[in-house]
Novice: 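Dropping the structure in here first, questions after.
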Amino acid sequence: MPRGRLLLLAGGGPGLLVGLWTGLARAGVHDAVGPVAQHGIIMALGFLGTLIALERAVALRAGWSYIGPALSAVSVVWLLAGLPDVGAGIALTVAGVVVTAVYAVTLRRHVEGHLAVMAAGAIAWVVAAGLWTSGWSPVRLAPALAAFLVLTIVGERLELSRLRTPSAAVRRQLLVAAGTFGVGAAGALAIRPVGLVVMGVGLLAQTAWLVRHDVARVTIRMSGLPRFAAACLLGGYAWLAVSGVLWIAVALDAGGWLVHDAALHALFLGFVMSMVMGHAPIILPAVLGIALPHRAAAWVPLGLLHASLAVRVGADLAGSVWLRGWAAHGNGTALLVFVGLAVVTATSATRADGYPRRPSPVGDASPAATVR
């Protein structure tokens with residue numbers, strides 16, 4: 001097993017735990033203890049940023065590229081220690097620059113539309129981290145954090161769409177949709193209402209393309225891991241559409257702060273975390289060189305995530321703070337159960353084999369190169 005990669009992956013673990021704890025605090029479940037105000041930064045850049053940066057570093061196979069996930073993991077520990085936010089902000093900004101450089105090197109080798117989309121996502125990381133370092137609140141930066149994650153994921157799905165051999169014109173449609181979303185996310189940082197409307201339209205346009213052209217429409221008819229991954233993807237696309245509608249509602253000032261909570265979590269939990277669940281059984285073996293066989297138990301946290309999120313969004317729209325708190329418990333439990341199952345499955349599989357599996361070749365660490 002590549003111990004250095006495992007250490008970096010474990011470094012992202014505190015980001016998930018701290019993110020869940022601070023998320024429950026923000027939902028009013030318990031007293032605000034710890035870096036509660038940094039919840040969005042910790043989850044998007046500290047936890048997910050570490051995972052994405054590590055995946056790209058493995059694909060590039062350049063020693064300097066591992067600086068990205070190392071710094072993003074360190075930022076979480078920095079915040080947990082109660083040190084000044086500016087230190088974590090600088091670390092996250094540099095980490096984002098490193099990830100952007102990884103995409104730049106890859107684009108020099110292969111000029112592809114999907115790589116340009118993912119590179120734009122990395123630039124959104126740099127913008128979000130840089131503005132946070134200068135004093136912007138994570139809530140105000142939500143569009144930039146969303147752009148980092150959505151463009152990264154959509155770029156990978158665009159790469160995989162080649163399995164269905166869509167025409168160049170069809171692929172350009174997703175590029176236009178992603179570009180619309182990116183322009184809206186950037187605009188929301190300056191003229192928030194207008195930017196959020198454009199951002200919501202871009203989310204809906206991307207959803208329409210993915211539902212029609214993504215390979216998940218085919219693999220959902222299979223069994224085992226392909227069906228599970230496809231269910232994660234299609235469920236995530238449903239939440240992507242919901243978030244698009246809700247962001248437009250937020251822009252129109254409909255419903256107050258609870259609608260904003262619904263828009264945030266439909267995107268970051270419903271779409272992003274569902275995609276993480278679908279990709280993890282494929283990415284982790286490629287990144288760490290360990291076996292992670294699919295087990296039917298993986299459907300439990302997936303179902304709990306979607307069910308509890310539906311309750312949370314419903315509670316937000318109904319104005320029920322009490323029910324929202326209970327739903328937040330379900331959200332966190334779903335993620336913890338999924339991680340626990342992954343650890344147990346990987347540990348038992350490695351012991352049964354007697355040795356870890358070797359990682360995949362260059363580029364195969366990407367979900368878009370491995371999900372079938």
Side-chain angles (χ1 to χ4, degrees), residues 12 43-45 47-56 59 96 99-100 102-103 106 112-125 128 142-163 171 173-175 177-182 184-185 199 202-217 219 229-244 247 264-284 286-287 302 305 335 363 365-372:
M43 285 297 289
L45 303 184
F47 170 54
L48 293 169
T50 299
L51 300 185
I52 291 170
L54 178 58
E55 173 201 346
R56 304 319 306 176
V99 175
T100 304
V102 169
Y103 284 118
T106 309
E112 298 281 357
H114 67 272
L115 290 173
V117 172
M118 289 188 279
I123 293 171
W125 172 344
L145 297 173
F148 158 53
L149 295 169
V150 170
L151 293 177
T152 299
I153 293 169
V154 168
E156 291 178 330
R157 301 315 301 173
L158 177 60
E159 179 185 8
L160 185 59
S161 71
R162 291 181 297 188
L163 293 175
R171 289 171 60 82
Q173 292 172 5
L174 184 55
L175 292 176
T180 301
F181 164 73
M199 177 176 156
L203 288 172
L204 292 172
Q206 290 174 99
T207 302
W209 192 97
L210 290 166
V211 169
R212 182 175 181 182
H213 298 290
D214 196 279
V215 70
R217 291 186 58 181
T219 55
C232 291
L233 299 177
L234 295 175
Y237 299 156
W239 284 114
L240 191 65
V242 171
S243 68
W247 279 115
L264 283 173
H265 291 90
L267 181 62
F268 288 98
L269 278 178
F271 174 63
V272 175
M273 288 303 179
S274 187
M275 302 297 280
V276 169
M277 287 186 174
H279 289 149
I282 302 143
I283 294 176
L284 291 181
V287 171
L302 178 63
L305 175 68
L335 298 180
S366 167
T370 51
V371 177
R372 294 292 184 268

Novice: Measure the spacing between CG of Leu335 and CE of Met43 and express it to the nearest 0.5 Å.
Specialist: 6.0 Å
Novice: Indicate yes or no: at least one non-hydrogen side-chain atom of His213 is less than 4.5 angstrom from one of Arg157.
Specialist: no
Novice: Step by step, work out the side-chain contact (heavy atoms from CB on, under 4.5 Å) result for Leu48 and Met273.
Specialist: CA-CA 9 Å; Leu48 293 169; Met273 288 303 179; 4.2 Å; yes
Novice: Out of curiosity, Leu234 CG to Trp239 CH2, how far, rounded to the nearest 0.5 Å?
Specialist: 15.0 Å
Novice: State, to 0.1 Å, how close Leu204 and Ala241 come at their nearest heavy-atom pair, and which atoms those are.
Specialist: CD2-O, 3.3 Å
Novice: Does the pair Leu145 and Phe268 meet the rule for a side-chain contact (heavy atoms from CB on, under 4.5 Å), with working shown?
Specialist: CA-CA 9 Å; Leu145 297 173; Phe268 288 98; 4.1 Å; yes
Novice: What's the separation between atom CG in Leu149 and atom CD1 in Ile52, rounded to the nearest 0.5 Å?
Specialist: 5.5 Å
Novice: Provide the closest heavy-atom pair for Thr207 versus Tyr237 in the form atom of the first, atom of the second, distance.
Specialist: CG2-O, 3.3 Å
Novice: Which atom pair, heavy atoms only, marks the closest approach of Leu269 to Leu305?
Specialist: O-CD2, 3.9 Å
Novice: Find out whether Trp247 and Leu267 are in side-chain contact, i.e. whether some heavy atom of one side chain is under 4.5 Å from a heavy atom of the other.
Specialist: yes
Novice: Can you tell me how far CG of Leu240 sits from CE of Met275, rounded to the nearest 0.5 angstrom?
Specialist: 8.5 Å
Novice: Look only at the side chain of Ser274 and the backbone of Phe271, and say whether a donor-acceptor pair between them is shorter than 3.5 Å.
Specialist: no
Novice: Counting distance only, does the side-chain N/O of Arg56 pair as donor-acceptor with the main-chain N or O of Val99 below 3.5 Å?
Specialist: no
Novice: Taking all atoms of both residues into account, what is the closest heavy-atom pair of Gly278 and Ala229, and its distance?
Specialist: O-CB, 3.7 Å
Novice: Are the side chain of Arg171 and the backbone of Leu158 linked by a donor-acceptor contact shorter than 3.5 Å?
Specialist: yes
Novice: Nearest 0.5 angstrom please: Met118 CE to Tyr103 OH, how far?
Specialist: 5.0 Å
Novice: Could you pull out the closest heavy-atom pair between Ala44 and Phe148, with the gap in Å?
Specialist: O-CE2, 3.5 Å
Novice: To the nearest 0.5 angstrom, please state how far the CH2 atom of Trp209 sits from the CD atom of Gln173.
Specialist: 8.5 Å
Novice: Go through the steps for Ser161 and Asp214 under the test side-chain contact (heavy atoms from CB on, under 4.5 Å), then give the verdict.
Specialist: CA-CA 6 Å; Ser161 71; Asp214 196 279; over 6 Å; no
Novice: So, Glu55 side chain and Leu51 main chain: donor-acceptor pair closer than 3.5 Å or not?
Specialist: no
Novice: Identify the two heavy atoms, one from Met199 and one from Ala146, that lie closest to each other, and give their separation to 0.1 Å.
Specialist: CE-CB, 4.0 Å
